[in-house]
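All of these numbers come straight from a predicted model, not from anything done at the bench. Just so you know, ligand 1 is whichever comes first in the structure, and atom 1 is the first atom listed for that ligand.
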Amino acid sequence: MTLTGTIPVPFGWFRVADSADLAPGGLASVRVCERDLVVWRTVDGTASCVDAWCPHLGAHLGVGGRVDGASIVCPFHGWEFGPDGANCRIPSSERINGRARLRTHPVIERNGLVLAWVHPLGDPPTFDVPEFPETADPDYLPFIIRSYVINTSVQELGENGIDRCHFPVVHLADEPPVIAEYDGSGDIAHVRTIVELKTPFGDFPGEIDVHQYGPGISATRFIGFVDTLLIATQTPIERDRCELRFHFTVRRTGTEAEAREIAELYVGHIDEQAREDVPIWEHKAFVPRPALSDVDGPILEYRRWAARFQVAPAG
Ligand code: FES
Ligand SMILES: [Fe+2]
């Protein structure tokens, strides 16, 4: 049996900033996938993500560095680099250093999030993350956000959602949810779960529909009561430390205040579940060959899917 820290950090699209927090000309330091990264935006609006260390003599670009037009400027000797990572200016020199290059990570902006593709070998993205229609729909409330830093791997967070038998024990559900469909045959996994949605207005037969876009971002829709969208981002910091972040919205029904009340109830429920899981996550071991029962759900199918995003599989 091995501790959770032996599950390798996966590759994938990971949230490195909220779009609104990265203004034109802005820059931020982040720790993602055991790397020190800097995410920055040109004055024209292009977001980039680079390793923090300057290839000249190693200064950290996020500590005193700045953005000037379409370049990021190192705080040590003022070398400038473009969004492609190439050196484009050296102060007091007529020349550039054609071999000096910041290591860049591909960036997309979707649904108000800046996502970076972080791969330990620098391999290119194997899939895309779509715009979710709800995020541009004025009928939906602004996101309610909750964020947690948890001492576990992102793989454990993902496994929790399909580990049906922990729901009655940890979350005091009446019954384990019924997983009607699990499709982990591609980079985008799909899970459909039948549940009894408990609401202040009664219990409704419902479904939870999840699309998981690699290990770093998923879209969950609770179907049967009001229209909802939960974007969960799971960003590895270290092997055994990650940030879990919920972005939750509901379609406006009735008055603004009523819609907000419903949204807060959902968020309260999601928040409570996350907090209930934390003590288990932060102390459990990773069992590579678990002793399973016939009612555990698609744990091994999930692990095979998670292994798609590992250079060296867990074990
Ligand atoms: S270390 Fe960055 S310019 Fe010298
Ligand atoms: Fe849970």
Quiz item: Do Val311 and Pro10 touch side chain to side chain, with heavy atoms closer than 4.5 Å?
Solution: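 When only atoms from C-beta onward are counted, Pro10 and Val311 do not touch, as no gap falls below 4.5 Å.
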Quiz prompt | Pairwise side-chain contact, Thr135 with Leu229, heavy-atom cut-off 4.5 Å (strictly under) | solution =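 Thr135 reaches Leu229 side chain to side chain.
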Quiz item: If you look only at pairs with a residue in residues 294-305, which of them pass as a side chain to side chain donor-acceptor pair (under 3.5 Å), with sequence neighbours excluded?
Solution: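 Every side chain to side chain donor-acceptor pair (under 3.5 Å) pair that includes a residue of residues 294-305, provided the two are not neighbours, is Glu159-Arg303, Ser293-Asp296.
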Quiz item: At distances under 2.8 Å, what protein N, O or S atoms surround the Fe ion (ligand 2)?
Solution: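 Correct list: Asn160 OD1, His166 NE2, His171 NE2, Asp277 OD1, Asp277 OD2.
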Exercise. Check the angle between the aromatic planes of Phe11 and His119 and answer parallel, tilted or perpendicular using the 30° and 60° thresholds.
Key: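 Plane angle between 30° and 60°, so tilted.
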Is it true that [X] and [Y] have ring centroids separated by less than 6.0 Å?
X      : Y      : answer
Trp117 : Phe127 : yes
His56  : Trp79  : yes
Tyr148 : Phe246 : yes

Practice problem: Quick one: give me the number of protein N/O/S atoms under 2.8 Å from atom 2 (Fe) of ligand 1. | Solution: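 Excluding waters, the total comes to 2.
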Quiz item: How many angstroms lie between CZ in Phe248 and CZ in Arg146, if you round to the nearest 0.5 Å?
Solution: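 The distance works out to 11.0 Å.
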Distance-only check: which donor-acceptor pairs under 3.5 Å involve side-chain atoms of residues 210-226, not counting sequence neighbours?
from: Arg221; atom 1: NE; to: Glu134; atom 2: OE2; distance (Å): 2.6
from: Arg221; atom 1: NH2; to: Glu134; atom 2: OE1; distance (Å): 3.1
from: Arg221; atom 1: NH2; to: Glu134; atom 2: OE2; distance (Å): 3.4

